[in-house]
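Please read the structure below before turning to the comments.
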Protein chains: 2
Amino acid sequence: MRLLPHPATEDIELTEVLRALSDPVRLQIALRLSVAGEMNCTTAGDDLGVHKSTASHHYRTLREAGVVLTKQEGRLKYMSLRRADLETRFPGLLDAVLSAAALHEAQAARDQRVAADAPAGRPSGVEAHAPV
Amino acid sequence: MRLLPHPATEDIELTEVLRALSDPVRLQIALRLSVAGEMNCTTAGDDLGVHKSTASHHYRTLREAGVVLTKQEGRLKYMSLRRADLETRFPGLLDAVLSAAALHEAQAARDQRVAADAPAGRPSGVEAHAPV
DNA sequence: CAGAATGTTTGATGCCCATCAAACTGACGT
DNA sequence: ACGTCAGTTTGATGGGCATCAAACATTCTG
């Protein structure tokens, strides 16, 4: 079992983590990892709608930002969130991001069902602006 | 007193917010706003080390992402964090980011003092890796 | 050993972004 | 009106990033 190169906990940078999580595909990967714990890359990347080389690029970005830990076992690679390290360095951050992402995903799924039920309906209350 | 165009609370997107805060300059602006409350752009952008047009670009990015609210009063523009809106949409997120940024900034300042005291010293414990 | 499975690496492409400089706009003071 | 102040807009530039396709490396299996 080999470990790929990762940044040390104290070298994880806030802006890098935020940038890593600001991509929809990578956020989705992180969300899946938070639900399923350890996953291999194929499982994590299934149905992401991107080419496998693109997914591989995202795995690397997440790893180099310090968001995930990757270890190789045989011909498979397993990723997991660096929960403890991130909690040490940026308390509450990962949970806040993942909770928000989970809610957002649930809402998106709801919107899609509504759109399927009433394809010509209004766009789900987006016109009710109240920016102040 | 005029209000500039902003996204509605329910239209603020997580990935946009994360991307907006993943730039060091914008994170610094957000941090200043969190300490000082409402600020005009000149005050907020002082000593950021970027050209005023670059700063203006960052103000717009923060506004369009839904992070700040901008209102114009005479020839000045005042920005403030959309704390309540962000808390509604992404509970705990902004506080986690700002706390982490504040700590990180304090650490950076400490590192700089240490570097000034011992310019040829070791690079402040970076060699103590413990990635597992 | 041959072949399949699991990712990674290497171009190539197109887009977006951070930055600066210079011109511009809108409001205020004299 | 004239000049100034505060900030925006408009190129221009350079760099990075997301994506795909194709070739590659490594490991397991028949």
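The basis for the numbers below is simple: all heavy atoms, side chains too, and nothing from hydrogens, waters or symmetry mates. Here is the naming used below: chain letters follow the sequence lines, and residue numbers restart at 1 for every chain.
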task: Check every strand shown and say whether B:S56 touches a base, only sugar-phosphate, or nothing at a heavy-atom separation below 4.0 Å.
output: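 Base contact - B:S56 has a heavy atom under 4.0 Å of at least one base atom.
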What is the distance, to the nearest angstrom, from the [atom1] atom on [X] to the [atom2] atom on [N]?
{"X": "B:R19", "N": "C:dC17", "atom1": "CZ", "atom2": "C1'", "value": "7 Å"}
{"X": "B:M79", "N": "D:dA6", "atom1": "CE", "atom2": "P", "value": "15 Å"}
{"X": "B:Y78", "N": "D:dT8", "atom1": "OH", "atom2": "P", "value": "14 Å"}
{"X": "A:Q28", "N": "D:dA18", "atom1": "CD", "atom2": "C1'", "value": "17 Å"}
{"X": "B:L48", "N": "C:dA18", "atom1": "CG", "atom2": "P", "value": "14 Å"}
{"X": "B:E64", "N": "C:dC16", "atom1": "CD", "atom2": "P", "value": "14 Å"}
{"X": "B:Q72", "N": "D:dT8", "atom1": "CD", "atom2": "C1'", "value": "10 Å"}
{"X": "A:L62", "N": "C:dT8", "atom1": "CG", "atom2": "P", "value": "12 Å"}

[Y] backbone acceptor or donor facing [X] side chain under 3.5 Å:
{"X": "B:R89", "Y": "B:I12", "value": "yes"}
{"X": "A:E13", "Y": "A:A65", "value": "no"}
{"X": "B:R82", "Y": "B:V67", "value": "no"}
{"X": "A:R63", "Y": "A:P5", "value": "yes"}

Stepwise side chain to side chain contact (heavy atoms under 4.5 Å, CB included) test for B:I29 and B:L48: CA-CA 8 Å; B:I29 294 170; B:L48 280 179; 3.6 Å; yes
Identify the pairs formed between an N or O of the protein and an N or O of nucleotides 19-25 of chain C at a distance under 3.5 Å, and give each distance.
{"from": "C:dT19", "atom 1": "OP2", "to": "B:H58", "atom 2": "NE2", "distance (Å)": "2.5"}
{"from": "C:dC20", "atom 1": "OP2", "to": "B:H51", "atom 2": "N", "distance (Å)": "2.5"}
{"from": "C:dC20", "atom 1": "OP2", "to": "B:T54", "atom 2": "OG1", "distance (Å)": "3.1"}
{"from": "C:dA21", "atom 1": "N6", "to": "B:S53", "atom 2": "OG", "distance (Å)": "3.0"}

- prompt: Is B:E73 salt-bridged to B:R2, cutoff N-O under 4.0 Å?
  reply: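 Here B:E73 does not pair with B:R2 in a salt bridge, since their nearest N and O are not under 4.0 Å apart.
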message: I'd like to know if A:R19 pairs up with B:D23 as an ion pair, taking the criterion as any Lys NZ or Arg NE/NH1/NH2 lying under 4.0 Å from an Asp or Glu carboxylate oxygen.
response: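 Between B:D23 and A:R19 there is no salt bridge, as every charged N stays at least 4.0 Å from the carboxylate O atoms.
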message: If you assign B:A55 and A:R26 each to the DNA chain D nucleotide with the nearest heavy atom, which residue ends up on the more 5' nucleotide?
response: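 Residue closer to the 5' terminus by nearest nucleotide: B:A55.
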message: On DNA chain D, does the nearest nucleotide to A:G74 precede the nearest nucleotide to B:R60 from the 5' side, or the other way round? Give the residue.
response: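 Result of the comparison: B:R60.
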Helical stems, DNA chain C - three or more consecutive Watson-Crick or G-U wobble pairs below 3.5 Å: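 In DNA chain C, stems of three or more pairs: C:1-30 with D:1-30.
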Presence of [X] side-chain N/O under 4.0 Å of [N] phosphate oxygens OP1/OP2:
{"X": "B:K77", "N": "C:dG26", "answer": "no"}
{"X": "B:R75", "N": "C:dG29", "answer": "no"}
{"X": "A:N40", "N": "C:dG7", "answer": "yes"}

- prompt: So if you build clusters from Ile, Leu, Val, Met, Phe, Trp, Tyr with side-chain heavy-atom gaps below 4.5 Å, do A:V25 and A:Y59 land together?
  reply: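 Cluster IDs for A:V25 and A:Y59 match.
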task: Verify the distance criterion only: is there a donor paired with an acceptor across the side chains of B:T88 and B:D85 at less than 3.5 Å?
output: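 No donor-acceptor contact under 3.5 Å links the two side chains.
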